[in-house]
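The structure appears right after this line, and notes come after that.
Fair warning: this is a prediction, and the values are worked out from it, not measured in the lab.
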There are 2 protein chains.
Amino acid sequence: MTRTALTAAAVVADAAALADEAGFETVSLSAVARRLGVRTPSLYSHVRDLEALLDGVAALALAELAGRVAAAIAGRAGRAALEGYAAAYRSYARESPGRWQSMQRRAGDAVVRSDAARETVALTGAVLRGYPVPEDEHVHAIRLLGSTINGFLALERIGGFDHSEPSSEESWSRTVDALDALLRAWPADPRHRKAQP
Amino acid sequence: MTRTALTAAAVVADAAALADEAGFETVSLSAVARRLGVRTPSLYSHVRDLEALLDGVAALALAELAGRVAAAIAGRAGRAALEGYAAAYRSYARESPGRWQSMQRRAGDAVVRSDAARETVALTGAVLRGYPVPEDEHVHAIRLLGSTINGFLALERIGGFDHSEPSSEESWSRTVDALDALLRAWPADPRHRKAQP
DNA sequence: CTGACCAACCTACACCCATTAGGCAGATGC
DNA sequence: GCATCTGCCTAATGGGTGTAGGTTGGTCAG
């Protein structure tokens with residue numbers, strides 16, 4: 001327990017480290033204070049309350065993830081971009097489970113409006129560029145990508161795949177295959193029978 | 001606050017009701033004790049600890065959900081079954097948000113080994129029966145269905161779709177369309193180039 | 001009928017958490 | 001030097017989890 005110069009960023013970074021080491025649910029103001037060698041009320045000079053601290057961890061995680069996704073899809077298109085994208089998500093969730101879990105809660109405004117949040121949406125859109133998904137369907141496809149990937153990681157994390165064969169590794173590969181196939185043949189919207197120009 | 005005869009089932013039912021009314025995160029032994037008109041330590045005659053209570057809520061929720069899914073897919077096949085299945089999940093999550101959230105944590109053995117858990121897997125398998133998914137791919141498809149649907153509901157719940165158009169209702173429809181299309185044309189596994197009989 | 005036992009409630013308590021209020025000391029600016 | 005501000009502290013309040021031990025009422029066996 002070394003005495004770090006206390007700043008908001010240092011407090012958030014320590015909370016993030018604790019989340020990854022011991023689980024997001026273990027992050028409390030008192031635990032972080034102990035690790036930083038100060039008394040709990042001292043943290044209120046740097047974070048508004050527990051909620052703000054947890055939002056801080058989410059914002060940090062989102063920024064880190066965005067960076068990794070950007071690197072993973074750089075110079076790639078179509079399936080290669082999709083694979084890089086999906087792999088970046090999964091490796092992040094596995095290497096930083098606590099950070100990843102911080103992003104699974106309803107986020108405060110600071111997180112929602114962050115550059116990282118915008119960048120993440122843009123990166124998903126970039127993956128879509130290599131697929132013949134109609135422009136007006138992009139949001140649906142982005143949401144489906146997010147849902148499937150995050151849903152898989154969430155079920156994996158809570159042990160949803162622990163009780164049956166085959167390995168979740170294999171299902172992950174098949175899931176990426178399935179997403180690729182789906183984006184290559186995105187179904188037309190049966191509710192929009194517009195005359196085509 | 002009426003004095004219900006205390007049983008394990010009554011304690012779990014009250015916790016489930018509280019979860020739906022005020023959010024899963026508000027469920028505590030002390031809150032449930034207050035609602036039942038007893039002192040907190042009295043609950044330990046009926047539930048082992050808080051963790052067991054939360055598992056009890058999850059088991060109750062899983063059984064309820066299984067019942068609703070079973071009713072929704074009864075006598076249906078293919079797309080109609082898929083729609084019923086997906087709709088049952090979503091309506092349950094929306095009508096009983098706290099109960100639904102209880103199922104998003106790593107569950108204890110009692111939940112994992114419950115009849116309801118087994119039934120849920122079987123029901124998903126039943127939906128698949130109306131699609132040309134190879135038998136050896138069933139687990140992957142079941143996991144992808146679960147991931148996508150739960151992932152969508154989770155993102156919707158935390159407001160992931162609140163900040164952009166179109167409505168999540170529309171994306172939900174498109175997601176079910178996409179899942180239907182995917183199951184109708186489930187991609188072959190490129191890693192299994194076996195000689196075919 | 002009586003005594004032993006058990007279940008289910010209670011109080012008391014220890015420890016933990018989040019947060020507020022107010023105090024103190026050091027640094028900074030006038 | 002004095003006033004102000006910042007960032008730490010202690011004290012306090014109110015909430016939570018769970019254990020230990022006590023009490024009461026019901027049941028059963030002798």
Check nucleotides 26-28 of chain D against the protein and report each pair of N or O atoms closer than 3.5 Å, with its distance, or say if there are none.
none

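- Distances from the side chain of A:L29 to the nucleotides D:dT19, C:dC17, C:dA18 place C:dA18 closest.
- In terms of modelled atom types and a separation under 3.5 Å, the side chain of A:R174 and the main chain of B:P187 share a donor-acceptor contact.
- Salt bridge absent: A:E25 and B:R105 never bring a charged side-chain N and a carboxylate O closer than 4.0 Å.
- Residues B:T175 and A:S147 have side chains not in contact (no heavy-atom distance under 4.5 Å, counting atoms from C-beta outward).
- At a threshold of 4.0 Å, the pair A:D55-A:R106 does not count as salt-bridged, since none of the basic side-chain nitrogens sits closer than that to a carboxylate oxygen.
- Using a 4.0 Å cut-off between charged side-chain N and carboxylate O, B:E83 and B:R79 make a salt bridge.
- Between D:dG7 and A:S42, no contact under 4.0 Å exists linking OP1 or OP2 to a side-chain N or O.
- Note: CZ (A:R39) to P (C:dC24) measures 18 Å, nearest angstrom.
- Residues B:N150 and B:Y89 have side chains that never bring a donor and an acceptor to within less than 3.5 angstrom of each other.
- Considering only side-chain atoms of B:P41, the nucleotide from D:dA20, C:dC17, C:dT20 that sits closest is D:dA20.
- Near DNA chain C, meaning a heavy atom under 4.0 Å from it, residues 43-54 of chain A has A:Y44, A:D49, A:L50 in order of number.
- In this structure, a donor-acceptor pair under 3.5 Å is absent between the side chains of A:R143 and B:S168.
- For B:S30, a side-chain nitrogen or oxygen approaches OP1 or OP2 of D:dT17 to under 4.0 Å.
- Protein atom CG of A:L36 is 11 Å distant from nucleotide atom P of D:dC9, rounded to whole Å.
- Rounded to whole Å, the distance from CG on A:L6 to P on C:dG26 is 18 Å.
- The backbone N or O of A:A188 sits nowhere less than 3.5 Å from a side-chain atom of B:D177 that would complete a donor-acceptor pair.
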